[in-house]
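Residue numbers count from 1 along this sequence. Worth knowing before you read on, the calculation uses all heavy atoms, side chains too, and leaves out hydrogens, waters and symmetry mates.
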Amino acid sequence: MELVSGVVQLRPEDAMFDAMLRGWRAQQKSRGLKDETIDPRERLIRRFLDFANEYPWQWTPAHMDEWSASLSSEKHLAPSTIRSYQGTVRLFTDLLIDARYGWGPACEEAFGAYPVAIAHEWNTLPHLQDYEGDPEARPFTREELQRFLDYADDQVARAVKSKRKGALAAYRDATLFKVIYGWGLRRTETSKLDVVDFGRNPKARQFGRYGTLNVRYGKAKKGQPPRRRNVLSVMDWAVEAVADYVENVRPRFGFPDHPALWITERGGRLQPGSINDRFEAYRDALKLPKDLVPHSIRHSYVTHLTEDGVDRRFIQQQVGHECDSSTAIYTHVSDDFMNTALSKALAPAFAGV
């Protein structure tokens with residue numbers, strides 16, 4: 001249906017490839033996928049076409065082998081990224097070889113060749129474990145986190161004392177890092193918060209209008225919309241910090257009609273890249289390890305609540321993990337906690353000794 005019959009194409013190969021992409025887009029649209037999911041997939045297929053220097057009806061498993069090797073040895077991409085790329089190519093070629101769509105006969109009639117499967121279990125990465133992130137990734141220790149948050153507060157005091165521009169932005173960012181920790185958020189989730197996302201929790205009236213946080217842009221599954229979750233407020237000092245910011249500092253930016261919780265001095269929404277920049281500036285100024293990243297603050301939330309004896313299932317729901325195994329990976333309890341837990345575990349065995 002994507003091919004125009006009876007029309008002589010100046011570049012029939014390119015016309016066929018473009019028609020394939022249009023057909024693939026239509027198929028994905030019929031499954032409810034959005035442009036922000038489809039567009040990157042299409043760009044990846046075009047990059048694969050450039051790498052192979054052949055059209056889809058000429059692709060072979062060897063092209064997949066060579067491309068995968070280049071992603072690993074030349075581009076040094078993470079295994080999870082390579083697997084995602086391989087999966088996208090597999091989805092595209094699966095459409096081409098599906099007899100219901102008719103691309104095989106169309107290619108054979110036009111070019112004397114037809115598409116074949118090129119992504120197999122022997123030349124793509126298997127999903128062997130739940131987590132494949134950097135093994136160096138870790139949470140802040142309590143002492144490191146306190147130093148980091150204190151330093152962020154100090155920057156506000158310095159800016160105010162020197163009467164220089166940037167005091168409002170420094171206050172905003174100091175509060176932002178407290179919110180990441182206080183509600184266990186991801187960086188992107190944090191940047192997309194609106195003021196109205198905070199609400200009351202009838203079982204925690206002491207927090208007022210900041211008793212719960214509606215995270216509307218949680219991490220999505222492949223091809224799915226962002227997942228929502230409600231995070232209950234548990235840290236009174238974090239509630240006090242965000243309440244002070246919303247009620248006393250944010251209005252001074254001068255954009256009362258802007259919905260964003262974190263706004264810039266020019267009236268825009270603070271972007272994840274800006275959060276990274278501020279985080280790295282503070283981390284490096286304190287000479288903290290480079291393996292600490294904004295996501296480490298979220299890890300700290302899980303770890304510290306675990307050390308404080310909070311129920312594991314509650315923590316899992318708070319951070320939006322479907323599986324407890326994901327929450328376990330986030331948890332890096334301290335040696336003191338492990339020693340205390342071990343002592344409690346062994347106490348019954350040695351009670352009569």
K.L.:
Identify whether the distance between the nearest side-chain nitrogen and carboxylate oxygen of D94 and R100 falls below 4.0 Å.
P.N.:
no
K.L.:
Could you pull out the closest heavy-atom pair between N248 and P251, with the gap in Å?
P.N.:
C-CD, 4.0 Å
K.L.:
What do you reckon, are the aromatic ring centroids of W183 and F198 less than 6.0 Å apart?
P.N.:
yes
K.L.:
Would you sort out whether F253 and R172 count as a side-chain contact (heavy atoms from CB on, under 4.5 Å), showing the intermediate values?
P.N.:
CA-CA 10 Å; F253 279 88; R172 175 202 63 205; 4.1 Å; yes
K.L.:
Between R142 and E307 (salt bridge meaning N to carboxylate O under 4.0 Å), is one present in this structure?
P.N.:
yes
K.L.:
How would you list all residue pairs meeting salt bridge (charged side-chain N to carboxylate O under 4.0 Å, His left out) that involve residues 253-272, not counting sequence neighbours?
P.N.:
D194-R269
K.L.:
Would you say the side-chain atoms of S70 pair up with the backbone N or O of E74, donor to acceptor, closer than 3.5 Å?
P.N.:
no
K.L.:
Is V196 reachable from L193 through a run of hydrophobic residues whose side-chain heavy atoms are each under 4.5 Å from the next?
P.N.:
no
K.L.:
Kindly say whether G267 contributes a backbone atom to a donor-acceptor pair with the side chain of H258 at under 3.5 angstrom?
P.N.:
yes
K.L.:
To the nearest 0.5 Å, what is the distance between CD1 on I118 and CH2 on W67?
P.N.:
8.5 Å
K.L.:
Would you say the side-chain atoms of Q318 pair up with the backbone N or O of L232, donor to acceptor, closer than 3.5 Å?
P.N.:
yes
K.L.:
Main chain of H63, side chain of E66: is a donor-acceptor contact present, judged purely on distance under 3.5 Å?
P.N.:
no
K.L.:
Given side chains that start at C-beta, do those of R200 and T212 come closer than 4.5 Å, heavy atoms only?
P.N.:
no
K.L.:
Any luck finding a side-chain donor-acceptor pair between R41 and Q28 under 3.5 Å?
P.N.:
yes
K.L.:
Do Y282 and R278 pass the side-chain hydrogen bond (donor to acceptor under 3.5 Å, both in side chains) test, and can you show the C-alpha distance, the side-chain angles, and the key distance before you say yes or no?
P.N.:
CA-CA 6 Å; Y282 290 177; R278 180 76 82 166; 3.2 Å; yes
K.L.:
Apply the test side-chain contact (heavy atoms from CB on, under 4.5 Å) to residues R187 and I180: give CA-CA distance (whole Å), side-chain angles for both, the deciding distance (0.1 Å), then the verdict.
P.N.:
CA-CA 7 Å; R187 181 192 57 174; I180 291 178; 5.6 Å; no
K.L.:
Are there more than 12 heavy atoms of other residues, nucleotides or ligands under 6.0 Å from atom CD of E109?
P.N.:
no
K.L.:
Kindly assign one of parallel, tilted or perpendicular to the pair Y55 and W57, based on the angle between their ring planes and the thresholds 30° and 60°.
P.N.:
parallel
K.L.:
Evaluate the side-chain proximity of I97 to W103: yes if any heavy-atom separation is below 4.5 Å, no if none is.
P.N.:
no
K.L.:
Give me the atom names and distance for the closest heavy-atom approach of A119 to M64.
P.N.:
CB-CE, 3.7 Å
K.L.:
Does a side-chain N-to-carboxylate-O contact under 4.0 Å join R229 and E189?
P.N.:
yes
K.L.:
Apply salt bridge (charged side-chain N to carboxylate O under 4.0 Å, His left out) to R22 and E42, showing your working.
P.N.:
CA-CA 10 Å; R22 289 196 301 273; E42 183 175 316; over 6 Å; no
K.L.:
Go through the steps for Y301 and T306 under the test side-chain contact (heavy atoms from CB on, under 4.5 Å), then give the verdict.
P.N.:
CA-CA 9 Å; Y301 174 85; T306 300; over 6 Å; no
K.L.:
CD1/I297 to CZ/R186 distance, rounded to the nearest 0.5 angstrom?
P.N.:
14.5 Å
K.L.:
Calculate, to the nearest 0.5 Å, the distance between atoms CG and CG belonging to L91 and L96 respectively.
P.N.:
11.0 Å
K.L.:
Do N214 and D197 get their side chains close enough for a donor-acceptor pair, meaning under 3.5 Å?
P.N.:
no
K.L.:
May I ask you to test the Y181-L176 pair for a side-chain heavy-atom distance under 4.5 Å?
P.N.:
no
K.L.:
If you look at every heavy atom in Q86 and S68, which pair is closest and at what distance?
P.N.:
NE2-OG, 2.8 Å
K.L.:
Is it true that R46 and D18 make a salt bridge, defined as a side-chain N closer than 4.0 Å to a carboxylate O?
P.N.:
yes
K.L.:
List for me each residue that meets salt bridge (charged side-chain N to carboxylate O under 4.0 Å, His left out) alongside D153, sequence neighbours excluded, and say none if there are none.
P.N.:
K178
K.L.:
Can a donor-acceptor pair be found, under 3.5 Å and without considering hydrogens, that links the side chain of D308 to the backbone of V310?
P.N.:
no
K.L.:
CG/L213 to CG/N201 distance, rounded to the nearest 0.5 angstrom?
P.N.:
12.0 Å
K.L.:
If I take atom CE from residue M16 and atom CG from residue D14, how far apart are they, to the nearest 0.5 angstrom?
P.N.:
11.5 Å
K.L.:
For L261 and Y245, work out which heavy atoms get closest and say how close.
P.N.:
O-OH, 2.8 Å
K.L.:
For a 4.5 angstrom cut-off between non-hydrogen side-chain atoms, does C107 reach M20?
P.N.:
yes
K.L.:
Is a donor on one side and an acceptor on the other found under 3.5 Å between the side chain of D244 and the backbone of A241?
P.N.:
no
K.L.:
Between R209 (side chain) and A243 (backbone), is there a donor-acceptor pair under 3.5 Å?
P.N.:
no
K.L.:
Looking only at heavy atoms, which two atoms of S191 and W262 are closest? And how far apart?
P.N.:
CA-CD1, 4.3 Å
K.L.:
If you compare all heavy atoms of I82 against all heavy atoms of L77, which two are closest, and at what distance to 0.1 Å?
P.N.:
CD1-O, 3.7 Å
K.L.:
Does the side chain of R250 come within less than 4.5 Å of T175's, by heavy atoms?
P.N.:
no
K.L.:
Please check this pair: side chain of S233 against backbone of Y210, looking for a donor-acceptor N/O pair closer than 3.5 Å.
P.N.:
yes
K.L.:
Are the side chains of L49 and P56 in touch, meaning some heavy atoms are under 4.5 Å apart?
P.N.:
yes
K.L.:
Between I263 and L270, does a side-chain contact (heavy atoms from CB on, under 4.5 Å) hold up when you go through it step by step?
P.N.:
CA-CA 5 Å; I263 54 178; L270 190 70; over 6 Å; no
K.L.:
Using the rule given for side-chain hydrogen bond (donor to acceptor under 3.5 Å, both in side chains), can you reason through T124 versus R90, listing the C-alpha separation, both sets of side-chain angles and the distance that settles it, and then say yes or no?
P.N.:
CA-CA 10 Å; T124 56; R90 178 187 280 112; 3.1 Å; yes
K.L.:
Hey, can you tell me if F148 and F279 have their rings parallel, tilted or perpendicular (30° and 60° cut-offs)?
P.N.:
tilted
K.L.:
Tell me whether E121 at atom CD has more than 12 heavy atoms from other residues, nucleotides or ligands lying less than 6.0 Å away.
P.N.:
no
K.L.:
Counting N and O atoms only, with roles assigned by atom type, does the side chain of Y171 sit under 3.5 Å from a partner on the main chain of Q155, one being a donor and the other an acceptor?
P.N.:
no
K.L.:
Is there a donor-acceptor pair under 3.5 Å between the side chain of R283 and the backbone N or O of L292?
P.N.:
yes
K.L.:
Contact between V195 and V246 at the side-chain level, heavy atoms closer than 4.5 Å - yes or no?
P.N.:
yes
K.L.:
Evaluate whether atom OH of Y114 has more than 12 neighbouring non-hydrogen atoms of other residues, nucleotides or ligands under 6.0 angstrom away.
P.N.:
no
K.L.:
For the CZ atom of R83 and the OG1 atom of T88, what is their distance to the nearest 0.5 Å?
P.N.:
12.5 Å
K.L.:
Hey, does F140 have a side-chain heavy atom less than 4.5 Å from the side chain of L288?
P.N.:
yes
K.L.:
Name the orientation class of the two ring planes belonging to F17 and F92 (parallel below 30°, tilted from 30 to 60°, perpendicular beyond 60°).
P.N.:
perpendicular
